[in-house]
Amino acid sequence: MRRISILGATGSIGQNSIDLIRRDAEAYQVVALTGARNIAQLAGDAIALKAEIAVTADESLLPDLRAALEGTGVEAAAGAGAIVEAAARPADWVMSAIVGAAGLAPGLSALETGATLALANKESLVTAGPLLMATARAHSARILPVDSEHSAIFQALTGEDIAEVERVIITASGGAFRDWPDEALARATVADASTHPNWDMGQRITIDSASMFNKSLELIETKEFFGIDPERIEVLVHPESLIHALVGFVDGAMMAHVGPADMRHAIGYALHWPKRRDLPVERLDLAAIGQLNFSAPDAARYPALGLAREVMRTGGHAGAVFNAAKERALDAFIAGQIGFLQMAEVVEATLGALSGHQMFTSEVETLDTVAQMDHLARKTAGTLIGVRAKG
Ligand code: NDP
């Protein structure tokens with residue numbers, strides 16, 4: 001039996017992972033399931049899957065988790081440290097599906113055991129790509145991408161020589177506002193931004209898709225994971241979300257990965273790699289679909305993409321600052337403190353404010369410096385948000 005853990009089990013990716021595991025339950029021993037606020041889901045899944053331990057990030061909810069698990073034999077724990085410890089329990093395969101920078105430390109912890117890390121938490125690569133990759137190498141652990149674009153690139157590169165890659169293209173649906181006129185964006189509400197035309201995802205990534213912050217994180221993720229020169233990574237708007245990425249080779253050929261907009265494909269690919277197994281996803285009828293559309297992203301409409309390119313050029317801790325400022329700005333947008341377009345303004349101003357910091361361009365080698373820059377960026381972004389909220 002394969003021992004597996006799911007970090008962020010109660011979220012969209014976590015639940016899709018559990019859906020696949022449930023279909024073949026006798027093949028897996030579930031070690032740890034983690035969540036935060038959704039205790040009923042966490043406890044219910046831990047009992048049904050006979051997990052060894054269930055952990056909530058929220059310490060105030062430990063009594064509720066304990067009560068829900070009483071008499072079941074499933075251990076209960078709480079807090080960020082307990083999640084890191086649960087991730088270190090021996091497992092063959094660990095799904096990293098916590099949202100945000102909170103996913104970094106548990107992912108590193110799993111890699112240190114030599115486990116295979118199925119990586120949905122793109123923020124880990126954005127904030128600390130070199131550290132994550134070095135930790136995997138040091139412990140002979142494998143990272144398998146779960147983000148659909150990166151799974152697609154990974155699949156297109158199978159059997160290929162990375163030195164023969166000329167360009168990589170990641171596609172973007174255009175998010176909730178792709179058909180909105182520019183002047184309407186300033187008035188976009190949280191409800192407007194929380195509906196994705198093609199994908200059913202958690203709220204934060206759905207809003208990030210509307211602002212293209214999600215795509216900007218993915219640009220950095222592509223650079224860090226595949227080691228591809230940023231100038232060779234392109235974004236292409238493709239409203240149907242059926243081609244997830246394309247890899248162009250030096251001979252002019254392009255390999256495109258085509259599949260339904262269903263995360264169970266990328267999760268299942270990482271779960272069964274290096275084999276392919278039957279997955280419960282739609283088979284595409286291209287004749288019925290008829291046509292696929294493509295266009296270049298509008299740089300003025302989506303400033304997040306330009307900011308990501310600046311972050312890639314800078315390297316060092318710029319990714320940690322970028323991600324933390326983005327998370328803080330997103331919190332403020334969700335809380336109604338700033339408008340949709342102000343998120344990019346806050347991130348840009350935070351990058352500017354911290355660009356002179358001695359650690360901004362220094363190599364990412366420890367979790368400590370990443371945590372420090374993350375903290376500083378959230379504080380700086382918070383001040384900038386305060387100014388805008390008053391203004
Ligand atoms: P969700 O918001 O649906 O789920 C997030 C998960 O993280 C939940 O289990 C949540 O617990 C938990 N969580 C929230 N805050 C914390 C915290 N501070 N510490 C520990 N756990 C926490 O997110 P998604 O599933 O949409 O996304 C997860 C990750 O996967 C993100 O990095 C996202 O960018 C990436 N991703 C997602 C895709 C998708 O289709 N959804 C596609 C590609 C990548 P609870 O719900 O109990 O509060």
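Between Ser362 and His317 the shortest side-chain heavy-atom distance falls below 4.5 Å.
Donor-acceptor pairing under 3.5 Å is lacking for the side chains of Asp331 and Gln337. There is a side-chain donor-acceptor pair under 3.5 Å between Glu240 and Asn293. With hydrogens and angles left out, the side-chain atoms of Thr56 and Asp58 include no donor and acceptor closer than 3.5 Å. Side-chain atoms of Glu365 and Thr369 form no donor-acceptor pair, as typed in the model, at a separation below 3.5 Å.
Rounding to the nearest 0.5 Å places CD1 of Ile207 at 4.0 Å from OG of Ser194. Within the model, atoms CZ of Arg301 and CG of Leu341 stand 9.5 Å from one another, a figure rounded to the nearest 0.5 Å. One distance of note links CD1 of Ile6 with CG of Leu33; it measures 5.5 Å at 0.5 Å rounding. One finds the CZ atom of Arg232 at 7.0 Å from the CD atom of Glu166 (value rounded to the nearest 0.5 Å).
Contact between Ser148 and Ala266 at its shortest, heavy atoms only, is CA-CB, 4.3 Å.
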Set out, in order, the CA-CA distance, both residues' side-chain angles and the distance that settles ring pair (Phe, Tyr, Trp, His ring centres under 6.0 Å) for His265 and His257, then state yes or no. CA-CA 12 Å; His265 171 74; His257 181 283; 5.3 Å; yes
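For Asp182, the CG atom sits in a packed shell: over 12 heavy atoms of surrounding residues, nucleotides or ligands are nearer than 6.0 Å. Within a 6.0 Å sphere centred on NE2 of His375, other residues, nucleotides and ligands contribute 12 heavy atoms or fewer. Arg23 CZ: more than 12 foreign heavy atoms inside a 6.0 Å radius.
Of the possible polar contacts, none joining the His139 side chain to the Gly114 backbone as a donor-acceptor pair under 3.5 Å is found.
Criterion: ILVMFWY side-chain heavy atoms under 4.5 Å apart, direct or through other members. Under it, Val94 and Leu119 are part of a common hydrophobic cluster.
Phe213 and Tyr302 have their aromatic ring centers separated by at least 6.0 angstrom.
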